[in-house]
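These numbers come from a predicted model, not from an experiment.
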Amino acid sequence: MSGPAQPADIYRFEPTATAAGLATKHAELEPGRETDESVTIAGRLMLRRGQGKLAFGQLQDATGRIQLFVPSDVTPYFEEFTALNLGDWIGVTGDVMTTRKGELSVKVRDWCVLAKTQRQFPEKWHGIADVDTRYRQRYLDLVVTPESARTFRMRSAMISLMRRWLEDRDFMEVETPLLQPIPGGALAKPFVTHHNALDLELYLRIAPELYLKRLVVGGFERVFEIGRVFRNEGLSPRHNPEFTMLETYAAYWDYSDQMRLTEDLTAHLATELLGTTKLAYNDRELDLTPPWRRATLTELTSTAIGQPVSIDMAIDDLRALCVTHGVDVHPHYGPGKLLLELYEKTTEHTLWGPVFVCDYPKEVSPLARDHRSQPEMTERFECIVAGRELCNGYSELVDATEQLARFRDQAAKSDYDDEAMAVDADYVRALEYGLAPTAGLGIGIDRLLMLLADVSSIRDVILFPTLRPEQNA
RNA sequence: GCGCCUCUAGCUCAACGGCAGAGCAACGGACUCUUAAUCCGCAGGUUCUGGGUUCGAAUCCCAGGGGGCGCACCA
């Protein structure tokens, strides 16, 4: 039998070089030079140009592309080589050289077929324009859309950098339950599931918060978790039902310390990944250089609507203001909820940021500690960047009695608010054993990456976003 | 869940009430320095699905499906 080695016979292959590695090593090689450096390289054939008794190819591996130089008097099975389909995986061995025009190439002395594609590849120049195809067939998107592959490599690098940065500051990575009997730590609708052996309703976590603070009670003074959370809510360019959060908790800290952590960590990531903290997002300048602006929710809202508001103004006046600005007011809204709604309706989307919006009403912050000087408010912040929430943090509520009261307050709302929290008695018990002053932070990893990678849909930073199943796949 | 837009060859796109087409890919051929190579040839279709209007529908209308964006919910 004659021909190159075929996939059926190849179980293992050992490349000795990569496209990017060769490009770096031979950046100085002048046009028309041949070396005696023999390399073995593997990847997908993405372009092929026949030239009679000479052929050229572009091989794409995990690091980039390199040209293959294929003369019929050097390369065995020349006919078979020119019959390859775009998208086939091949392995080649040959000498590093440059063409007369100076293109770095590998002159193929031997080659084999590692995998044949049975489907035609998308158009080599335009790639895939249909985003539905890109999301459903991400494997194909990654091959033919360089920006997409770049974004997901950046995601991996970003998470790795985060881990290292936190570990360098004595934060310890932990894992807490995804299946929770009482979904807590955020105001959101959970996914429900069932455990057969225990005959128990369980919920996919909406946040790891309450478990992480239990660990601080346990003496793990600085912890973090990077993991998936699930919220049973609508999809949008900024929402996917499962997304990734970083949460950190540090004993002895207050919310100012967490704000500093947020800006320092983000600036570090931007510097490492992009080489700068001054980026462009959606064609608009975005300067992440610390320190970031700090302003209170109350003053930002007052500025936005052009008149002073506060949580202690007469509730009827606050209600009237909300109605004026188009907020859908419910009768059970207290002043805190009204103020928050007014802020979200009129102010949040106008903040390009980055800005730390500080001091949220107690009514809407059931896990945050009372503000040290402002009654009815808590020491809580959200960071707004490009008009949307990037993170949420606070000085943690450490008083068990107060926490139980806040939980009961929440539970009382469950009749009309399906996002209200349930009472978590064990969490209260944990607090009864004593929680040192502590501050916590949650950052949406996907949204952070959207900023750094300059993409406007969350589906561009999640490898396999949630989609309706195909009907006739 | 509601509103607007969209769906044509493997891919990227034309045709916009009058014979469904091009480029790339695929297939056959020419070419020993190409760069999205070029040239010649050939093949490729349930125009998302189902109804309707019309002499005639990819095109107009209705219903359904997929997707995008906006609103609402939220991070």
Practice task
Using distance alone, with no hydrogens and no angle criterion, decide if A:Asp328 and A:Tyr333 have a side-chain donor and acceptor under 3.5 Å apart.
Solution key: no
Practice task
Would you confirm whether A:Gln403, through its side chain, and A:Pro366, through its main-chain N or O, come within 3.5 Å as a donor-acceptor pair?
Solution key: yes
Handout entry: Separation of the P atoms in B:G28 and B:C19, to the nearest angstrom
Key = 34 Å
Practice task
Select one nucleotide: of B:U32, B:A36, B:U35, the one nearest the side-chain heavy atoms of A:Gln67.
Solution key: B:U35
Exercise for the section: Scan for ring pair (Phe, Tyr, Trp, His ring centres under 6.0 Å) pairs involving residues 337-369 of chain A, sequence neighbours excluded, and state none if there are none. Expected result: A:Trp292-A:Phe356, A:Phe356-A:Phe381
Handout entry: Rounded distance in Å - CG (A:Leu47) to P (B:A26)
Key = 11 Å
Problem - Where protein sits on nucleotides 6-12 of chain B, one letter per nucleotide: B base, S sugar-phosphate only, - none, heavy atoms under 4.0 Å - result: ----BBS
Practice task
Starting at atom CD of A:Glu419, determine the distance to atom P of B:A75, rounded to an integer number of angstrom.
Solution key: 7 Å
Problem - Axial cation check for A:Phe152 ring with A:Arg155, 6.0 Å and 45° limits - result: no
Could you pull out every donor-acceptor pair under 3.5 Å between side chains of residues 53-60 of chain A and any protein atom, sequence neighbours left out?
| residue | atom | partner | partner atom | Å |
| --- | --- | --- | --- | --- |
| A:Gln60 | OE1 | A:Arg65 | NE | 2.8 |
| A:Gln60 | OE1 | A:Arg65 | NH2 | 3.0 |
| A:Gln60 | NE2 | A:Val143 | O | 2.9 |

Problem - Spacing between A:Glu389 atom CD and B:C73 atom P, to the nearest angstrom - result: 15 Å
Handout entry: Any strand: nucleotide that pairs with B:U35 via Watson-Crick or wobble, under 3.5 Å
Key = none
Completion exercise
When rounded to whole Å, the NZ to C1' distance for the pair A:Lys53 and B:G29 reads 13 Å
Problem - Side-chain donor-acceptor pair present, A:Ser105, A:Thr99, cut-off under 3.5 Å - result: no
Handout entry: Residue A:Leu86, side-chain atoms from C-beta onward, closest of B:U32, B:A75, B:A26
Key = B:A26
Handout entry: B:A26 phosphate, OP1 or OP2, under 4.0 Å from A:Arg48 side-chain N/O
Key = yes
Practice task
Just grab all the ring pair (Phe, Tyr, Trp, His ring centres under 6.0 Å) pairs involving residues 89-127 of chain A, residues at least two apart or on different chains.
Solution key: A:Phe81-A:Trp111
Problem - Between B:A25 (P) and A:Leu84 (CG): distance, integer Å - result: 15 Å
Practice task
Report the base-pairing partner of B:C2 (Watson-Crick or G-U wobble, both distances below 3.5 angstrom), or none.
Solution key: B:G70
Problem - Between A:Asp359 and A:Thr296: side-chain donor-acceptor atoms closer than 3.5 Å - result: no
Fill in the blank from the handout: A:Met46 atom CE is separated from B:U35 atom P, nearest whole Å, by 19 Å
Practice task
Tell me the partner of B:C42, counting only Watson-Crick (N1-N3 plus N6-O4 or O6-N4) or G-U wobble (N1-O2 and O6-N3) with both under 3.5 Å; none if nothing fits.
Solution key: none
Problem - Residue A:Val131, side-chain atoms from C-beta onward, closest of B:C69, B:A72, B:G67 - result: B:G67
Is there any protein nitrogen or oxygen under 3.5 Å from a nitrogen or oxygen in nucleotides 38-40 of chain B, and what are the pairs?
none

Exercise for the section: Return the set of residues passing side chain to side chain contact (heavy atoms under 4.5 Å, CB included) with A:Pro7 (not counting sequence neighbours), or none when no residue passes. Expected result: A:Val113
Problem - Derivation of the salt bridge (charged side-chain N to carboxylate O under 4.0 Å, His left out) call for A:Lys345 and A:Glu341 - result: CA-CA 6 Å; A:Lys345 190 80 176 185; A:Glu341 291 288 326; over 6 Å; no
Exercise for the section: Take the protein atom CG of A:Leu68 and the nucleotide atom P of B:U32, then report the distance between them rounded to whole Å. Expected result: 19 Å
Problem - Touch class at under 4.0 angstrom, heavy-atom based, for A:Lys345 against every strand present - result: sugar-phosphate
Practice task
Looking only at non-hydrogen atoms, find the nearest pair between A:Thr262 and A:Cys391 and report the distance.
Solution key: CG2-SG, 3.8 Å
Handout entry: Positions of residues 350-364 of chain A (non-hydrogen atom under 4.0 Å from RNA chain B), listed by number
Key = none
Handout entry: Residues in side chain to side chain donor-acceptor pair (under 3.5 Å) contact with A:Lys116, at least two apart in sequence or another chain
Key = A:Asp88
Fill in the blank from the handout: As its Watson-Crick or G-U partner within any shown strand, both distances under 3.5 Å, B:C60 has B:G52
Handout entry: Within residues 323-344 of chain A: residues closer than 4.0 Å to RNA chain B (heavy atoms)
Key = none
Exercise for the section: Respond yes when some side-chain nitrogen or oxygen of A:Arg468 is under 4.0 Å from OP1 or OP2 of B:G67, and no when none is. Expected result: yes
Completion exercise
Hits for side chain to side chain contact (heavy atoms under 4.5 Å, CB included) against A:Asp454, two or more places apart or cross-chain, chain-then-number order -> A:Tyr281, A:Asn282
Problem - Proximity to the side chain of A:Tyr135 - top-ranked nucleotide from B:G68, B:U35, B:A26 - result: B:G68
Problem - Residue closer to the 5' end of RNA chain B, A:Phe69 versus A:Ala83 (nearest nucleotide) - result: A:Ala83
Exercise for the section: Output yes when a side-chain donor or acceptor of A:Thr98 lies under 3.5 Å from a complementary backbone atom of A:Glu30, and no otherwise. Expected result: yes
Exercise for the section: Hunt down the Watson-Crick or G-U wobble partner of B:U12, both distances under 3.5 Å, from any strand shown, or write none. Expected result: B:A22
Problem - By side chain to side chain contact (heavy atoms under 4.5 Å, CB included) - contacts of A:Thr350 (at least two apart) - result: A:Thr347
Problem - Whole-Å distance separating the CE atom of A:Met97 from the C1' atom of B:U32 - result: 12 Å
Completion exercise
Out of B:U32, B:C33, B:A75, minimum distance to the side chain of A:Arg447 belongs to B:A75
Completion exercise
By the Watson-Crick or G-U definition, both distances under 3.5 Å, B:U47 is matched with none
Practice task
Kindly confirm whether the side-chain ring of A:Phe56 is stacked on the base of B:A37, judged by centres under 5.5 Å and planes under 30°.
Solution key: no
Exercise for the section: Using only side-chain N and O atoms of A:Arg459, determine if any of them is under 4.0 Å from OP1 or OP2 of B:G68. Expected result: yes
Practice task
Give a yes/no on whether any side-chain N or O of A:Arg238 is located under 4.0 angstrom from OP1 or OP2 of B:A75.
Solution key: no
Handout entry: Partner residues of A:Phe191 under the side chain to side chain contact (heavy atoms under 4.5 Å, CB included) criterion, sequence neighbours left out
Key = A:Leu204, A:Phe230, A:Asn232, A:Pro241
